[in-house]
Q: 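Could you have a look at this structure, given as structure tokens, before my questions?
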Number of protein chains: 2
Amino acid sequence: MSQAELRILLIEDEPHIRRFVRSTLEAQQWTVYEADCGQRGLVEAGSRQPDLLIVDLGLPDMDGVALIRDFRHWSQAPVLVLSARSDEADKIAALDAGADDYLTKPFGVGELLARVRALSRRHARQLEASPLLSFGEVSVDLARREVRRGGVEVALTPMEYKLLCALLRDAGKALTHRMLMQAVWGPGHTDDSHYLRIYMSRLRQKLEQDPAQPVHFITLSGVGYRFQF
Amino acid sequence: MSQAELRILLIEDEPHIRRFVRSTLEAQQWTVYEADCGQRGLVEAGSRQPDLLIVDLGLPDMDGVALIRDFRHWSQAPVLVLSARSDEADKIAALDAGADDYLTKPFGVGELLARVRALSRRHARQLEASPLLSFGEVSVDLARREVRRGGVEVALTPMEYKLLCALLRDAGKALTHRMLMQAVWGPGHTDDSHYLRIYMSRLRQKLEQDPAQPVHFITLSGVGYRFQF
DNA sequence: CGGGCGTTTACAGCTTGTTTACAGCAAGCC
DNA sequence: GGCTTGCTGTAAACAAGCTGTAAACGCCCG
């Protein structure tokens, strides 16, 4: 297992809980970095680049949810929340902000370790899993954000890439114009499906063998589109 | 031998032992920095970047083992422990924390020097064997913090080096502007990606064969960058 | 006070999103 | 059939924003 190299950043202001969690985690041979407030937490996160973030929501200097949201802007590492509050609203807020798990105080050693293991496993799978999607002579590497066709890299604009991702995410399903517009342009321009046709055309030009007779990017007239592997 | 340039940080609270060790080491033409407590020791370690750390476990303000562990988090330099305690548990704790050797008081001059020489030798070997990352005609030695291009050392500023490290750490993956800004400038200036472009340009000037047509430092327009070996 | 370094400013060139225009194409209606 | 109408696909053009680079500025430190 790669757990031996797990590097965890713990952001917790209460010293006794910090010691408790730290010793529990270090007993598993994991590396633990500490921060006692949100500001230092973010600095440590930037310099340490941890594999897992454990953060107490009740920090003295900043809102834990805001911290998570900031962290999520630039890191994919899993986030485990510790909190004295068990309100569902708090949990929702934290999870929506990007947290992956939420542990209510008081908690036991066994549960903490089990949750950390679960998170690290999930993260490891993400890294290990061959992120290569392929159809026809095209392969898509989501981590590298790279699209190849017959081995040659194809340059997709951000919009084109977003659209392709939306199609791949729900491959095989019928997607209405509104759904796709929503996915690419966000709430708003969900009406003018003209953009969508232009970008679908460009995707076909770049990825279909014969753009005039698409095999993977199927038109559902009057409805929308469907992607087919 | 490069021992002539050995720079040693001594963290010891007892003045007479400090004087004794210092004079012993300086007789070998080595440079000795001093700290009389753990806090100042860590500060000195960070600013002096010593080649070797000698630390007394019985410091007044902090646990010597914790100090070693902290030091180990960001430095590979060898650590020699001085201690009045000879319990096996203490040694194991210190060595597991990252210490390389454990010397029990009282100790003789000869043994101290021999152990220091052994440690510096081992460290030198480690440095020689330090893993080289290389791409194109460039090689990066993270342990030595040295970048060479066609065998000639390239001088990188701290910012440039940080950026290069961030790129190397997640080589092959797409890194957004935010991710890179966070890694180099920390939380805060994660918005203005202009700095980033300037430094990416400087890295390309220094490391790419043809900066106008970068092969390793790939631009992902509207997204960020990706480093490629 | 001089040099190195991070930051700011300025600008040219290119990429991209959006707009505009126009050509099939199928279905329906006279 | 001929025509209209609505939907669809493609091409070209343009403005705005993004990107890369050079140069100047200010600041710290020896």
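Keep in mind that the numbers below use all heavy atoms, side chains included, and drop hydrogens, waters and symmetry copies. Residue numbering restarts at 1 for every chain, and letters A, B, ... go by the order of the sequence lines.
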Q: Provide, to the nearest angstrom, the distance between the NE2 atom belonging to A/His194 and the P atom belonging to C/dC22.
A: 13 Å
Q: Taking only residues two or more places apart in sequence or in another chain, which ones pass ring pair (Phe, Tyr, Trp, His ring centres under 6.0 Å) with B/Phe227?
A: B/Phe135, B/Phe217, B/Phe229
Q: Check DNA chain D against residues 203-218 of chain A and give the residues with a non-hydrogen atom under 4.0 Å, in numerical order.
A: A/Arg204, A/Gln205, A/Pro211
Q: Is there any salt bridge (Lys or Arg N to Asp or Glu O under 4.0 Å) pair reaching into residues 213-224 of chain A, and which pairs are they, with sequence neighbours excluded?
A: none
Q: What salt bridge (Lys or Arg N to Asp or Glu O under 4.0 Å) pairs are there with at least one residue in residues 52-63 of chain B, not counting sequence neighbours?
A: B/Asp56-B/Lys105
Q: Who are the ring pair (Phe, Tyr, Trp, His ring centres under 6.0 Å) partners of B/Phe20, not counting sequence neighbours?
A: none
Q: Not counting sequence neighbours, list each pair that qualifies as a salt bridge (Lys or Arg N to Asp or Glu O under 4.0 Å) and has a residue in residues 161-172 of chain B.
A: B/Asp170-B/Lys173
Q: So which of residues 166-179 of chain A are in contact with DNA chain D, with a heavy-atom cut-off of under 4.0 Å?
A: A/His177
Q: Using a cut-off of strictly less than 4.0 Å between a heavy atom of the residue and any atom of DNA chain C, enumerate the qualifying residues of residues 221-229 of chain B by number.
A: B/Ser221
Q: Please identify each residue that fulfils ring pair (Phe, Tyr, Trp, His ring centres under 6.0 Å) with B/Tyr161, with sequence neighbours left out.
A: none
Q: Would you indicate, yes or no, if D/dG9 has its OP1 or OP2 atom less than 4.0 angstrom from a side-chain nitrogen or oxygen of A/Thr219?
A: yes
Q: Taking CG from A/Leu196 and P from C/dT18, how many angstroms apart are they, rounded to a whole number?
A: 12 Å
Q: Please list all pairs passing the salt bridge (Lys or Arg N to Asp or Glu O under 4.0 Å) test where one or both residues lie in residues 207-228 of chain B, with sequence neighbours left out.
A: A/Glu146-B/Arg226, A/Glu153-B/Arg226
Q: Kindly give the atom pairs (protein nitrogen or oxygen, nucleotide nitrogen or oxygen) under 3.5 Å for nucleotides 5-7 of chain C.
A:
from  : atom 1 : to       : atom 2 : distance (Å)
C/dG6 : OP1    : B/Met159 : N      : 3.2
C/dG6 : OP2    : B/Thr157 : OG1    : 2.8
C/dG6 : O5'    : B/Tyr199 : OH     : 3.4
C/dT7 : OP2    : B/Trp185 : NE1    : 2.8
C/dT7 : O4     : B/Arg202 : NH2    : 2.6

Q: Could you list the donor-acceptor pairs under 3.5 angstrom formed by side chains in residues 34-41 of chain B, with sequence neighbours left out?
A:
from    : atom 1 : to      : atom 2 : distance (Å)
B/Glu34 : OE1    : B/Arg18 : NE     : 3.3
B/Glu34 : OE2    : B/Arg22 : NH1    : 2.7
B/Asp36 : OD1    : B/Arg40 : NE     : 2.9
B/Asp36 : OD1    : B/Arg40 : NH2    : 3.2

Q: Mapping A/Ala155 and A/Asp192 onto DNA chain C by nearest heavy atom, which one lands closer to the 5' end?
A: A/Ala155
